[in-house]
Engineer: 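Below you will find the structure I want to go over with you.
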Amino acid sequence: MAALGTRPDAKRLSLYEKYLKDSRVKVAKSAILAMGAFFGEKEAVRKKVAGMLVRAYDGTGMGGEDGRQRNDPKSALNQPGDRMAVRHDFQYQLARLTGGVHFSTSDLWAAWFRNNQKSKWRDGVDRPDVKFDGLEGGR
């Protein structure tokens, strides 16, 4: 998965989307990273990829301060440690695709995506300047 992700190819998006739900954290993380590599693609492709990532991220139930944990049965990342292990990967790759936009929770990303899906986006960036909240992934 990591090797495939080094060269963005839209034909592989459905494969990456499938592996976002894999029960192995390393596999899901590789799919997230592979999708972030589309940061240099045209806006329509980046929106499609960002939509897939936002749905997967929001499906993990890593919402806001209310601590909601939906435990979407379609998401393999149902254990808190698993969710924490990929949290920053989702955030960073989404920031790459959206030109540096950053939110710290899945529900904020979902709301932003719904509100901006049809508007013009900035170009994607390879290394967005984002500040994480200092939480570490579960062990």
Engineer: To the nearest 0.5 Å, what is the distance between CE (M52) and NZ (K18)?
Structural biologist: 14.0 Å

Engineer: Check for a donor-acceptor pair, side chain of E41 on one end and backbone N or O of R46 on the other, with a separation under 3.5 Å.
Structural biologist: no

Engineer: Please assess K131 against D129 for the test salt bridge (Lys or Arg N to Asp or Glu O under 4.0 Å), listing each intermediate value before the final yes or no.
Structural biologist: CA-CA 7 Å; K131 306 263 188 274; D129 183 23; 3.4 Å; yes

Engineer: Quick one: are Q93 and L33 in side-chain contact, heavy atoms under 4.5 Å?
Structural biologist: yes

Engineer: Using side-chain heavy atoms (C-beta onward) and a distance below 4.5 Å, is H102 in contact with Q91?
Structural biologist: yes

Engineer: Give the minimum heavy-atom separation between S119 and N116, together with the two atoms involved.
Structural biologist: OG-O, 3.0 Å

Engineer: Quickly, which of W109, F113, Y57 forms a ring-ring contact (aromatic ring centres under 6.0 Å, His included) with F103? Name it, please.
Structural biologist: W109

Engineer: With distance as the sole test, does R87 use its side chain to make a donor-acceptor pair with the main-chain N or O of S106 at under 3.5 Å?
Structural biologist: no

Engineer: Give the minimum heavy-atom separation between V125 and F39, together with the two atoms involved.
Structural biologist: C-CD1, 3.5 Å

Engineer: Got a salt bridge between D9 and K11, using NZ or NE/NH1/NH2 to carboxylate O under 4.0 Å?
Structural biologist: no

Engineer: Check the orientation of W121 and W112. Use parallel for under 30°, tilted for 30 to 60°, and perpendicular for over 60°.
Structural biologist: tilted

Engineer: Do you know the tightest heavy-atom contact between G5 and A34?
Structural biologist: CA-CB, 3.5 Å

Engineer: Check the pair L94 / V101 against side-chain contact (heavy atoms from CB on, under 4.5 Å), numbers first and verdict last.
Structural biologist: CA-CA 8 Å; L94 283 165; V101 175; over 6 Å; no

Engineer: Locate the shortest heavy-atom distance separating L20 from A28; write the atom from each residue and the value.
Structural biologist: O-CB, 3.9 Å

Engineer: Could you measure the distance from the CG atom of D123 to the CG atom of L97? Nearest 0.5 Å is fine.
Structural biologist: 12.0 Å

Engineer: One pair to check against side-chain contact (heavy atoms from CB on, under 4.5 Å): R12 and L4. What are the steps and the verdict?
Structural biologist: CA-CA 8 Å; R12 295 188 192 120; L4 286 176; 3.5 Å; yes

Engineer: Let me confirm one number: the CD-CG distance from E17 to L53, rounded to the nearest 0.5 Å.
Structural biologist: 9.0 Å

Engineer: For R96 and D126, which heavy atoms make the closest approach, and how far apart are they?
Structural biologist: NH2-OD1, 2.8 Å

Engineer: On a heavy-atom basis, which atom in M35 and which in L13 lie closest, and how many Å separate them?
Structural biologist: CE-CD2, 4.4 Å

Engineer: Under a 3.5 Å distance rule, please check whether K29 uses its side chain to pair with a backbone N or O of A85 as donor and acceptor.
Structural biologist: yes

